[in-house]
Amino acid sequence: TSTYVPYKVKDIALAEWGRKEIKLAEAEMPGLMALRAEFGPSKPLTGARVAGCLHMTIQTAVLIETLVELGADVTWSSCNIFSTQDHAAAAIAAAGIPVYAWKGMNEEEFNWCIEQTLFFGEDRQPLNMILDDGGDLTNMVFDVYPELIEGIKGLSEETTTGVHRLYDRMKNGTLHLPSINVNDSVTKSKFDNKYGCRESLVDAIRRATDLMLAGKVAVVAGYGDVGKGSAESLRGAGCRVLVTEIDPICALQAAMDGYEVVPMDEAVSRAQLFVTATGNVRIIKDRHFKAMRDKAIVCNIGHFDNEIDMAWLNENYGHTKSQIKPQVDMYEVEGKEIIVLAEGRLVNLGCAMGHPSFVMSCSFSNQTLAQLELWANSEKYENKVYVLPKKLDEKVAALHLAHVGARLEPLEQEQADYIGVTLDGPFKSEMYRY
Ligand code: NAI
C-alpha cells in the first residue's frame with residue numbers, strides 16, 4: 001500500500017470554474033438528481049468505498065458527487081490519458097474527494113493514478129467496490145492486487161470494450177466478482193453510444209481541425225451503436241459517408257439507412273476523413289495509410305487506440321511526426337500528409353468535451369443503480385456478468401422524459417392485458433431489441 005496522496009490534478013485553481021460547470025451539468029442530469037432525491041436521505045452506500053476509473057469529466061463529477069451523496073467514499077482516476085477535464089478534476093479535489101487525473105498524462109502516470117485509488121485515506125483502507133470503464137482498474141485489481149478481491153463486493157462496467165473483457169474472463173474462469181454490465185442497459189448503449197457520439201464526434205473533429213465538413217467524403221468503420229451515431233453525426237454536417245462492416249446485419253442496416261457500404265481498401269482512396277468505431281484492432285493499418293489521400297484526417301472513437309495501427313505508424317513514420325497543436329499531429333507517409341487526432345485515442349474525449357450531460361445522465365443513472373444493487377445484494381450474485389433488470393432500465397428512461405417535455409400515453413388495463421404486460425411495466429419482453 002502506497003503512502004497517502006490526497007489528490008493529484010493539473011491545477012487546483014481551476015476548481016471554481018469546474019464547480020460552475022458542474023452546477024450547469026446538474027441541471028441537465030435529471031436522472032442523477034432524482035436518484036439523489038430518492039436515496040440521499042437514507043444513504044444506502046454508507047460503508048462503500050468505491051474506486052472509479054472513468055473519464056474525469058464534468059459529467060463524471062456529477063456521478064461522483066451522487067455516489068458521495070448516497071453515502072459512499074469515492075476515489076477516482078480517468079480511464080484515458082487525454083480524457084480528463086482539468087477543471088472538473090480540480091473541483092472534485094477541492095470538494096475533498098481523492099482524484100488522480102489530468103489531461104495529457106503518460107502511461108506510467110496513468111497506472112500510478114489507478115493505483116492511488118485502491119486504498120482510501122490516511123489509514124489506507126482498501127476499496128470494496130469497483131466502477132470501471134474499459135476494464136483497466138478491474139485488470140489491475142485481478143492481475144496485480146488479487147489479495148484485494150476478497151474484500152470487494154462487485155464491479156460495474158461502463159463500456160462495450162470493458163464488457164467484452166468481462167465476458168472473456170467469465171469464459172476463462174478468471175472473473176472473480178459479481179459484475180454488472182452497464183453498457184447493455186438499453187438506456188446506456190442505445191443512447192450514450194449512439195446519440196452521444198452523434199453530438200460529440202463532429203464536435204471533436206471541428207475543434208481539432210476547423211475543417212469544412214460539408215461535401216467531404218468520410219468513412220466510418222463499424223456500424224454498431226457508436227458507428228450509427230458517428231455516421232449520423234457526419235451526415236448531419238453534410239459529409240457523404242461510407243461505412244465498413246464485417247457483420248451482414250449491420251452492413252444491411254447501414255445500407256438501408258442510406259450509406260454506401262464498402263470495404264476499407266476501397267474507401268481508403270476516396271475518403272478524406274476516417275473514423276474507427278469498431279472496438280476491434282488494426283482497422284486502419286499500413287496499406288491503408290499508404291493509400292490515403294493527402295491531408296487525410298484519421299481518428300478513432302472506440303475505446304482503445306489500437307483500432308488505428310499507431311504502433312506501425314510511429315515505428316515507420318514517427319520521425320516525420322509534427323504537432324500542429326495538442327492532440328493534433330501530422331505525419332508524412334509516402335509523400336502525403338496525414339493528420340491523426342488524439343494520437344488515435346478516443347477522439348470525442350481527447351479533442352472535445354465528450355458527450356453532453358443529458359445523455360451521460362442516462363448512463364450514470366445505470367451506473368448508480370448498479371452500484372446500489374451490488375452493494376446491497378452482492379451475495380445474491382455469482383461471479384458472472386449481469387445486466388440490470390428491464391424495470392430499472394425503464395425507470396432510467398422515465399426519469400429523463402420530463403426534461404425533454406415528453407409525456408407518456410397512459411396504458412389502459414384492457415390494452416395491457418391485450419399485449420400481455422402489467423400497467424407499470426416492464427413493457428417489452430427480454431427479446432425486444434429497440
Ligand atoms: P458494437 O459492438 O455495437 O459495434 C462495433 C461494430 O464494429 C460491430 O457492428 C462490428 O460488427 C463492427 N466491426 C468489428 N470489426 C470490424 C472491422 N474489422 N471492420 C468494420 N467493422 C467491424 O460496439 P459499440 O457499442 O458501437 O462500441 C464500439 C467501441 O466504442 C467500443 O470500443 C466501445 O467501448 C467504444 N465506445 C466509445 C464511446 C465514446 O464516447 N467514444 C462511447 C461508447 C462506446
Side-chain angles (χ1 to χ4, degrees), residues 53-55 57 59-60 78-80 82-83 132-136 157-167 181-205 219-233 242-255 257 259 261-268 274-285 288 299-309 341-342 344-357 359-360 362-364 366-367 433-434:
C53 180
L54 194 156
H55 312 291
T57 63
Q59 293 70 34
T60 301
S78 198
C79 61
N80 185 280
F82 289 136
S83 64
D132 210 357
D133 181 348
D136 289 329
E157 167 56 53
E158 174 84 1
T159 199
T160 315
T161 287
V163 163
H164 279 315
R165 287 175 161 185
L166 294 178
Y167 285 108
N181 162 0
V182 168
N183 184 67
D184 287 295
S185 287
V186 179
T187 48
K188 200 287 184 178
S189 49
K190 298 292 171 185
F191 289 81
D192 164 330
N193 304 27
K194 183 181 172 187
Y195 302 115
C197 291
R198 188 171 72 176
E199 306 246 345
S200 62
L201 173 63
V202 155
D203 183 19
I205 295 167
V219 52
V220 174
Y223 202 66
D225 294 316
V226 169
K228 287 178 174 76
S230 298
E232 211 182 328
S233 185
L242 314 178
V243 168
T244 71
E245 251 299 344
I246 52 153
D247 176 341
I249 296 177
C250 296
L252 188 60
Q253 282 182 313
D257 284 337
Y259 301 106
V261 182
V262 293
M264 185 61 84
D265 280 314
E266 186 189 320
V268 80
F274 294 80
V275 181
T276 53
T278 67
N280 206 340
V281 291
R282 301 210 315 126
I283 300 304
I284 294 179
K285 48 174 165 275
H288 302 130
C299 64
N300 164 47
I301 195 163
H303 191 80
F304 284 120
D305 59 344
N306 55 1
E307 293 205 33
I308 300 171
D309 197 347
L341 307 185
R345 295 164 201 268
L346 72 187
V347 70
N348 57 333
L349 283 141
C351 294
M353 300 301 275
H355 296 346
S357 301
V359 85
M360 294 315 295
C362 293
S363 305
F364 291 164
N366 283 293
Q367 276 290 3
R433 294 191 175 89
Y434 299 88

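Small disclaimer: the values here were computed from a predicted structure and weren't measured. Just so you know, ligand 1 is whichever comes first in the structure, and atom 1 is the first atom listed for that ligand.
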K.L.:
Given that the side chain starts at C-beta and the backbone is N, CA, C, O, which of these parts of His355 lies under 4.0 Å from ligand 1, counting heavy atoms, or is it both or neither?
P.N.:
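Side chain only; the backbone of His355 stays clear of ligand 1.
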
K.L.:
Please tell me if the side chains of Phe364 and Leu54 come closer than 4.5 Å, counting only heavy atoms from C-beta onward.
P.N.:
yes

K.L.:
Of the protein's non-hydrogen atoms, which lies at the shortest distance from atom 5 (C) of ligand 1, and what is that distance?
P.N.:
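The closest heavy atom on the protein side is Thr278 O, 3.4 Å.
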
K.L.:
Evaluate Asn193 for polar contact with ligand 1, using N/O atom pairs at a separation under 3.5 Å.
P.N.:
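By distance alone, the answer is yes.
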
K.L.:
Only heavy atoms count here, so choose which of Thr160, Ile301, Val220 is nearest to atom 23 (O) of ligand 1.
P.N.:
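Closest candidate by heavy-atom distance is Thr160.
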
K.L.:
Closer than 4.0 angstrom, basic N to acidic O: yes or no for Asp136 and Arg165?
P.N.:
yes

K.L.:
Apply side-chain contact (heavy atoms from CB on, under 4.5 Å) to Ile284 and Thr276, showing your working.
P.N.:
CA-CA 8 Å; Ile284 294 179; Thr276 53; 3.8 Å; yes

K.L.:
I'd like to check whether Lys188 has a polar contact with ligand 1, where a contact means an N/O of the residue lying under 3.5 Å from an N/O of the ligand.
P.N.:
no

K.L.:
Could you walk me through whether Ser233 and Ser230 pass the side chain to side chain donor-acceptor pair (under 3.5 Å) check?
P.N.:
CA-CA 5 Å; Ser233 185; Ser230 298; over 6 Å; no

K.L.:
Do Thr187 and Asn366 come close enough that some side-chain heavy atom pair is under 4.5 Å?
P.N.:
yes

K.L.:
Inspect the contact between Arg282 and Asp309 and indicate whether a charged nitrogen and a carboxylate oxygen are less than 4.0 angstrom apart.
P.N.:
yes

K.L.:
So which protein heavy atom does atom 15 (N) of ligand 1 come closest to, and at what separation?
P.N.:
Asn280 ND2, 3.1 Å

K.L.:
Measuring from the heavy atoms of Gly196, does anything fall under 4.0 Å of ligand 1?
P.N.:
no

K.L.:
In the protein, which heavy atom is nearest to atom 42 (C) of ligand 1, and how far is it?
P.N.:
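It is Asp192 OD1, 3.7 Å.
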
K.L.:
Please state which part of Ala277 comes within less than 4.0 Å of ligand 1, counting heavy atoms only: side chain, backbone, both or neither.
P.N.:
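For Ala277, only backbone atoms sit under 4.0 Å from ligand 1.
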
K.L.:
Considering only protein heavy atoms, which is closest to atom 34 (O) of ligand 1, and at what distance to one decimal place?
P.N.:
Thr159 OG1, 2.6 Å

K.L.:
Can you find an N or O of Gly227 that's nearer than 3.5 Å to an N or O of ligand 1?
P.N.:
no

K.L.:
State whether a side-chain donor-acceptor pair under 3.5 Å links Gln367 with Lys188.
P.N.:
no

K.L.:
Does the side chain of Asn300 come within less than 4.5 Å of Arg345's, by heavy atoms?
P.N.:
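No, side chains not in contact.
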
K.L.:
Note the single closest protein heavy atom to atom 9 (O) of ligand 1, along with its residue, its atom name and the distance in Å.
P.N.:
Glu245 OE2, 2.6 Å

K.L.:
Would you say Asp133 and Asn80 make side-chain contact, with heavy atoms under 4.5 Å?
P.N.:
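Side chain of Asp133 against side chain of Asn80, heavy atoms only: no contact under 4.5 Å found.
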
K.L.:
Counting heavy atoms only, name the option from Ile283, Leu346, Asp225 that's nearest to atom 3 (O) of ligand 1.
P.N.:
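Nearest heavy atom to atom 3 (O) of ligand 1 lies in Asp225.
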
K.L.:
Heavy-atom distances under 4.0 Å decide this one: backbone, side chain, both or neither, for Val226 against ligand 1?
P.N.:
both

K.L.:
If you measure every N/O of Asn183 against every N/O of ligand 1, is any gap under 3.5 Å?
P.N.:
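So ligand 1 has no N or O lying under 3.5 Å from an N or O of Asn183.
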
K.L.:
Could you go step by step and tell me if Lys194 and Asp225 meet the salt bridge (charged side-chain N to carboxylate O under 4.0 Å, His left out) rule?
P.N.:
CA-CA 5 Å; Lys194 183 181 172 187; Asp225 294 316; over 6 Å; no

K.L.:
For atom 31 (C) of ligand 1, what's the nearest protein heavy atom and its distance?
P.N.:
Thr161 OG1, 3.3 Å

K.L.:
Tell me whether Ser189 reaches ligand 1 (any heavy atom closer than 4.0 angstrom to a ligand atom).
P.N.:
no

K.L.:
Heavy-atom pairs closer than 4.0 Å: do any link ligand 1 to the side chain of Val347, the backbone, both, or neither?
P.N.:
neither

K.L.:
Starting at CG of Asn348, measure out to NE2 of His355 and round the result to the nearest 0.5 Å.
P.N.:
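Output value for this atom pair is 5.5 Å.
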
K.L.:
Which residue and non-hydrogen atom of the protein lie closest to atom 19 (N) of ligand 1, and at what distance in Å?
P.N.:
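The answer is Ile246 CG2, 3.9 Å.
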
